[in-house]
S.K.: 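I am attaching a structure below and will ask some questions about it afterwards.
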Amino acid sequence: MLGVPRGSDRATVRRAYAAKLKVTNPEDDAAGFKELRAAYEEALRWVDYQQFDDWDDEEDDAATEAARAGLTLTPIWEEIAPDGDALPEAEPLPPPEPDPLEVERAADAAEFERRFAELEAGLRGPWFKDRDGIRAAFDAVMAAPALIELDRRAYAEYRIAALIADTIPRSDAILREAMAAFGWEGEGNHPPAVWALRARLDEWRLIASFGRGHALERGWRALINGKSPNWLRRLRALRPGTAGQVRQLFDLADYDVPGIAHSFHPKAAEWWRAHLDAPRFGSVEVALLLLGGVVAALFAVLGATPAVRLWGAVGAGAGGLVLSLAHWRFVTPMRWRAARQGVVRSRGAGWRLGLWLVLTAAAIGAPATPLIAWGLGAAFFILSVAIVVSDGTDENAALGWQRIVVLMVAGAFIGPAFFAMTLGEQALVILFGLSAGWVGSSARGTIARVIAPRPVLIALGIMIALIAGAIVRSNLMPGTPLIAWGAAAGTSLVLMSGLRAGDPDGRGSGVAALANMLLWAIVIVAAVMSAPEREKTGALPVPISVVPADPMKALEASEPGFRALKTGNPKLYEEVAAIRKDMAVGTRKHDEGYRAIDALVNTAYQKRLPLVGSALIAAEMDIRLARARELRKADVRACAGERDIEGNVLSREFRQRHYAHALEVAGAPLLVLRELSKGREVPLMELLQTATNGDIAAANKLADALEGKDATAKCDARIVMLEALVALDDIDIARTMRTALTQRAKAKAEKK
């Protein structure tokens, strides 16, 4: 059955059994598998008893060879008579004396045989005994009077050893007692049955070690638990590592320690063998679903607009579902077939590359707040270390002159955009760039193995998906394009390094070269788009080079709000016109003149804001809400009011909108006292309760955040309060904010 020659050792028998298992499926040929297993067990027993059979074979072989040579072998205990001489007749021996205890010895022997037969029946069946019954039968055998005689005790020892070895695991109930009674644990020339019992003790020790804290603990519990329903087993199988532990235990039972299989529950072992024999929806798929859910939650919570929150969450959840189903239907069967064919694949590298793609998606889609930027940068660096340590098989090659030139060109374009970023964004760019370069140069071979099934299709598909995500992100969310586009291009460059390593002289290398040029172009374009615009003359547009006869016409053309100052605030208009005239004749520098105009407009804006109509105050609150939202993405501490804005943090569109509003307020007519008191003043707690849909606990939490030291929570609370405020009627917004605006204008005037 096994196809091994006579005289094979245990290792040869096991290898032959393992080879037969590859072509014998228990589900397809149950009878054949049982015959193969029986032959394997019989072959192992034959190996154990082979040494005793060899002794008899040696004697038979010697007699056969002597017969062929014409010789007669004489036993060594027979005397050889001299030729021609007759031996003297021996005197007859006296008859043996009768044994007075013969009857008692015969009775004791019969009693021992009866007790041994009872023990054997309890172990072999068909009338099996429980553990207590087996122990009682063994104690009765060991208490038999016949065992007082040494020769009968030695004979009984081998019979008991053979019986216990043949009836494992039922005989486990008396194994320790028998070992202690006959001293089998000590060194000596023991028969094979005793060595089998000593091996069974080693199996006990191994089984006892599978308790809490062992590396195979979860797999062991899964195999010995026979009461769990199949649906609960399927849930436990989704936990990462459980199926691998069960597979290791099956290998131990099949090849190294067969006795541990006696502890497996038949129902549990049958279910797990069927589960491991085919690809199924497992822990990797569940992890992909959870990752999709996490990214969807990030979009839903951190999205800048309702559209981004909705479609970002839907897209992330759908992406996680699609990836999970794709892994279940394509990747898992591919790995299962490779395992059955004995193909060695890279284990774990796919997980790490998948996490890298998830982080890249987060860098593209999530707003680059300081906390998120620092967290993503640290995550990229830690994951790159894990990839290089676990999967790095390539040595870092020296940079060629072509790469040095490309990096210098890219650096020249990236520099202005990089220095205009916040500290968190700079950290993210640096850590991601270093990590991507390290992974792309040290783990090319591993990435090539991960995308090996369809290298060009997988690499290009991921690249297109990342670029599409960067496009959507740039259209929907404000911020720095270099972060989203750089993350998409950098990860795509890493994939192209694996594509080129997998096919260095063929199609993969050509595709990677073309894609590399496109990706570097994308990085440069994103850097140019991210560079801030230079404003040579401050906040206002650059004036025309030729000053017309009336200097105010150019200013009114660029900012129509100045035209309204003629009637709404003629004094301010005259002051601005005087400054423009000085600029035209050259007595005042342009930069100084524009700063003076801005100061005049800002002073009038702050002073007149509490006294203008309700529509303008409502517009002011809407602008403040937009400002807080932009600051939350750029500088959360400035959003919380803990520090002033540094540089051009706010977008150009917002600054133009705010300046136009300031001009409109500066030239708007002032209301009389009777008009100023119209409307209802809404208390702060009422606003917070409105924002939380009447949840008092949540409103108190927001109030605490407004007074707390957590900048992020304070910024979010301010935004929530402003959202509730702008939802009121204009007249109520104006009545609620006039007092605060008046006090603020008064404080600034006193400060000046």
Side-chain angles (χ1 to χ4, degrees), residues 323 326 331 346 349-364 380-381 383-384 386-388 390-411 413-414 429 431-471 481-527:
L323 288 176
V331 179
S346 177
W351 263 99
R352 287 180 280 275
L353 182 60
L355 289 177
W356 184 282
L357 295 176
V358 171
L359 289 177
T360 303
I364 293 174
F380 273 118
F381 182 75
L383 186 57
S384 67
I387 292 176
V388 173
S390 304
D391 312 311
T393 56
D394 306 314
E395 296 182 358
N396 290 324
L399 289 176
W401 67 268
Q402 300 95 335
R403 293 186 179 180
I404 294 177
V405 171
V406 170
L407 290 175
M408 292 177 62
V409 172
F413 285 97
I414 293 174
V429 171
L431 292 175
F432 174 76
L434 293 176
S435 302
W438 195 17
V439 171
S441 61
S442 300
R444 297 186 298 267
T446 302
I447 297 173
R449 289 194 297 272
V450 172
I451 64 176
R454 295 289 187 273
V456 176
L457 180 62
I458 294 175
L460 291 182
I462 296 176
M463 184 187 80
I464 293 172
L466 293 176
I467 293 176
I471 294 173
L482 182 59
I483 299 295
W485 286 86
T491 298
S492 299
L493 286 171
V494 172
L495 291 171
M496 292 306 133
S497 69
L499 179 60
R500 178 173 289 177
D503 189 10
D505 299 322
R507 180 185 177 192
S509 180
V511 172
L514 294 175
N516 282 349
M517 290 188 290
L518 172 64
L519 294 171
W520 279 113
I522 287 175
V523 171
I524 292 175
V525 171

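Reckoned from all heavy atoms, side chains included, excluding hydrogens, waters and symmetry mates.
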S.K.: Quick one: does any side-chain atom of Ser435 pair with a main-chain N or O of Phe432 as donor and acceptor, under 3.5 Å?
M.R.: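 Checking the backbone N and O of Phe432 against the side chain of Ser435, no donor-acceptor pair under 3.5 Å is found.
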S.K.: Testing Leu359, Leu357, Val439 for side chain to side chain contact (heavy atoms under 4.5 Å, CB included) with Thr491, which one passes?
M.R.: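 For Thr491, the side chain to side chain contact (heavy atoms under 4.5 Å, CB included) check succeeds only for Leu357.
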S.K.: Measure the spacing between CG of Leu495 and OG1 of Thr360 and express it to the nearest 0.5 Å.
M.R.: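 Reported value, rounded in 0.5 Å steps: 8.5 Å.
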S.K.: Given Ile462 and Ile458, is the side chain to side chain contact (heavy atoms under 4.5 Å, CB included) satisfied, shown in steps?
M.R.: CA-CA 6 Å; Ile462 296 176; Ile458 294 175; 3.9 Å; yes
S.K.: Ala487 and Ile364: which non-hydrogen atoms are nearest, and at how many Å?
M.R.: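 Minimum heavy-atom contact is CB-CG1, 4.1 Å.
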S.K.: Is Phe380 close to Leu434 at the side-chain level, that is, under 4.5 Å between some pair of heavy atoms?
M.R.: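 Leu434 does not reach Phe380 side chain to side chain.
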